[in-house]
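One structure below.
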Amino acid sequence: MSGPREDRETVTDDELLRMLDDDTRASAAERVLALAVGYLQQAARGDGRVSTAHTPEELAARFDEPIPRSPASLEAVTERLQRDVLTEVNRLAHPKAMGHQVSPPLPLAIWMEPLIAALNQSSAVFEMSPTGTPIEHRVIRWMNDLAGFGASAGGVMTYGGTEATFTALLAARAHAIPDAWERGVGDDAPVVLSGEHAHYAVTRAVAQLGLGMRRAVAIPSRDFRMDVDALARTLEQLEHEGTRVMAVVATAGSTATGSFDDVEAIASLTEPRGIWLHVDGAHGGSALLSAAHRHRLRGVERAHSLAWDAHKMMLMPLPAGVLLVREERALQRAFSQSAPYLFHGAEGGARVWDQGTRSFACSRRVDAMKLWAALQRYGAEGMAALYDRLCRTTMALWHALNDAPGFEAMHVPESNILCFRWLGTRAWSDEAVDELNARLRERYNRSGAGWITTTMLGGRRVLRVTIMNPRTTDAHVRELVRELADEGAHVESEIRDASPASSARGAI
């Protein structure tokens, strides 16, 4: 807990206005920005811990205090940020941060954040964001061009892939059940099909849209991708039963393994049936920038919608999600509401600029501005080079694992995600290997040397690495493998020492 604050008399209006004026000065901004610059430079050098070793309870104790009643100096606030907050954050800019799909953002995009906040425009309505709104439309057009969508395409910025997929399936519902907005989905709700490794956003949307979780059908996978033959059989069976299909969701860059479903083959099954095809490219959509990787999304131009998170592989600060639709009208039909006090529409077929008519949020940040500025600064080719670099480094990790005894890679990486297991220095049962890897991840992350995640594949516990930082090099991933092997040996000793009999039973 922080130290006690000094009691002060109630601040007057004049004093408060002076504080506001003081905080608009460059010196005040520099004091806060210095924290960000210091964090970025320290993390980029690889100094300090990658993540915290403290428990949630220990960290919560630092902030266990009553609401501040009186003002404090800016110096006191920034000192508190440095002492109690920055010391225990996840240092995503550190080269050994290889955990979740959250980026160390591009520098210019970071510095756009205070400008976006200072302007505080709401891009729901053109008149509330006269330059931000056309910027969003232009960014959406650029991304539609990359996806191969034509002149009638459109889209919106979203908070992330979950909102993008929900919105896409809302449009799919309007396509399949045109009167659902007024009458609901009825007793005979259609189904939504997706691969077994699809993001939870799909089943969440199915439930939220009133279809019911039982209407979410999981298609088995083959090599961590949707099994297209199984999809064909399921569609034929549903047709035979008379069950309507509202949408099929293909995954382009799955969360677990970064694998890409065969969009082209899936589109060949959905197109003749008039089924809405949504591609969840929240992670892998950025492959469209890369000449070396865009083939992984072959056929995406045949989809009805595409989710794409720029805050993942385009390295934008959160949030910067995007939903693209091949026909903008389909997105407008998804939100069948009138609000004449806010949305004035268009007459005579004129273009509708207001983005609030196509999205959930009314108070919408102009997040497109940071993406627009980053593209101005680094260019599509620069971002493609970053994407390629992250994928190459992940392949270097795959090679390092294959060269190191005791490790098993679960797949060849298609992007920047790789799952693997530490098998140990002796033969263990599958259950013992599960425990070994769970403990290894905890021990390694707690050490502060690096940061990785874990998941389940085929019912087995595996380690998972996501390379999001372009400063991560081949040397860093080789170092990761050595460190995991060292820590793994300690974990094996702990397990044997704790329960020799149990250890012997677990051995093969």
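By convention here, the first residue in the shown sequence is residue 1. Just so you know, these numbers use all the heavy atoms, side chains as well, and skip hydrogens, waters and symmetry mates.
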Checking Arg441 against Ile452 for the side-chain contact (heavy atoms from CB on, under 4.5 Å) test, could you report, in this order, the C-alpha distance in whole Å, the side-chain angles of both residues, the deciding distance, and whether it holds? CA-CA 7 Å; Arg441 186 250 178 170; Ile452 63 174; 4.0 Å; yes
Test item: side-chain donor near acceptor, [X] and [Y], under 3.5 Å:
X: His283; Y: Asn416; result: yes
X: His278; Y: Ser305; result: yes
X: Thr455; Y: Arg464; result: no
X: Ser221; Y: Glu196; result: yes
X: Ser259; Y: Arg225; result: no
X: Thr466; Y: Gln101; result: no
X: Ser129; Y: Gln121; result: no

Would you find a donor on one side and an acceptor on the other, under 3.5 Å apart, between the side chain of [X] and the backbone of [Y]?
X: Ser254; Y: Gly258; value: yes
X: Asn437; Y: Leu463; value: no
X: His94; Y: Ala43; value: no
X: Tyr378; Y: Leu108; value: yes
X: Lys370; Y: Pro317; value: yes
X: Asn144; Y: Gly154; value: yes
X: Thr251; Y: Gly253; value: no
X: Asp227; Y: Ala230; value: yes
X: Arg91; Y: Arg49; value: yes
X: His137; Y: Trp353; value: yes

Identify whether the distance between the nearest side-chain nitrogen and carboxylate oxygen of Glu136 and Arg364 falls below 4.0 Å. yes
Can a salt bridge be assigned to the pair Glu113 and Arg365 using a cut-off of 4.0 Å between side-chain N and carboxylate O? yes
I want to know whether Trp451 and His100 have ring centres closer than 6.0 Å. yes
For [X], which residues count as a side-chain hydrogen bond (donor to acceptor under 3.5 Å, both in side chains) partner, sequence neighbours excluded?
X: Arg273; value: Glu239
X: Arg478; value: none
X: Thr394; value: none

Just wondering, are more than 12 heavy atoms of other shown residues or ligands nearer than 6.0 Å to [atom1] in [X]?
X: Glu381; atom1: CD; answer: no
X: Arg204; atom1: CZ; answer: no
X: Arg329; atom1: CZ; answer: no

Under 30°, 30 to 60°, or over 60°: which ring-plane class applies to Phe224 and His411, parallel, tilted or perpendicular? perpendicular
Using the six-membered ring wherever Trp is involved, compare the ring planes of Phe407 and Trp422 and label them parallel, tilted or perpendicular (cut-offs 30° and 60°). tilted
Is any side-chain heavy atom of [X] less than 4.5 Å from a side-chain heavy atom of [Y]?
X: Val202; Y: Val192; answer: yes
X: Arg215; Y: Thr243; answer: yes
X: Phe149; Y: Met143; answer: no
X: Arg326; Y: Ser152; answer: no
X: Asn469; Y: Leu92; answer: no
X: Lys312; Y: Val102; answer: no
X: Phe166; Y: Gln208; answer: yes
X: Trp142; Y: Trp372; answer: yes

Can you see which heavy atom on [X] is nearest to which on [Y], and at what distance?
X: Glu328; Y: Gly155; result: OE2-N, 4.4 Å
X: Ala147; Y: Leu324; result: CB-CD1, 4.3 Å
X: Leu323; Y: Ala307; result: CD1-N, 4.4 Å

Take Met316 and Leu106, measure what side-chain contact (heavy atoms from CB on, under 4.5 Å) needs, and give me the verdict at the end. CA-CA 6 Å; Met316 291 295 103; Leu106 298 174; 3.7 Å; yes
When rounded to the nearest 0.5 Å, the distance separating CG of Leu146 from CH2 of Trp308 is 5.0 Å
How long is the straight-line distance from OG1 of Thr165 back to CG of Asp280, given to the nearest 0.5 Å? 4.0 Å
Once side chain to side chain contact (heavy atoms under 4.5 Å, CB included) is applied, do any residues pair with Arg298, and if so which ones, sequence neighbours excluded? Glu264, His295
Show your reasoning for whether salt bridge (Lys or Arg N to Asp or Glu O under 4.0 Å) applies to Arg222 and Asp229. CA-CA 10 Å; Arg222 181 186 298 170; Asp229 293 336; 3.6 Å; yes
Please test Val185 against Leu209 for side-chain contact (heavy atoms from CB on, under 4.5 Å), starting from the C-alpha separation and ending with a verdict. CA-CA 9 Å; Val185 298; Leu209 288 169; over 6 Å; no
Given Glu483 and Lys96, is the salt bridge (Lys or Arg N to Asp or Glu O under 4.0 Å) satisfied, shown in steps? CA-CA 11 Å; Glu483 290 169 344; Lys96 297 284 287 297; 2.9 Å; yes
Which donor-acceptor pairs under 3.5 Å do the side chains of residues 156-164 make with protein atoms, sequence neighbours left out?
from   : atom 1 : to     : atom 2 : distance (Å)
Thr158 : OG1    : Gly160 : N      : 3.3
Thr158 : OG1    : Gly160 : O      : 2.9
Glu163 : OE1    : Tyr159 : N      : 2.8

CA sep, side-chain torsions, deciding dist, call: Val462, Thr454, side-chain contact (heavy atoms from CB on, under 4.5 Å): CA-CA 6 Å; Val462 300; Thr454 182; 5.5 Å; no
Can you tell me which residue pairs pass the salt bridge (charged side-chain N to carboxylate O under 4.0 Å, His left out) test with a partner in residues 382-402, sequence neighbours excluded? none
Exactly one of Leu169, Leu193, Val279, Leu277 clears side-chain contact (heavy atoms from CB on, under 4.5 Å) with Val249, and that residue is Leu169
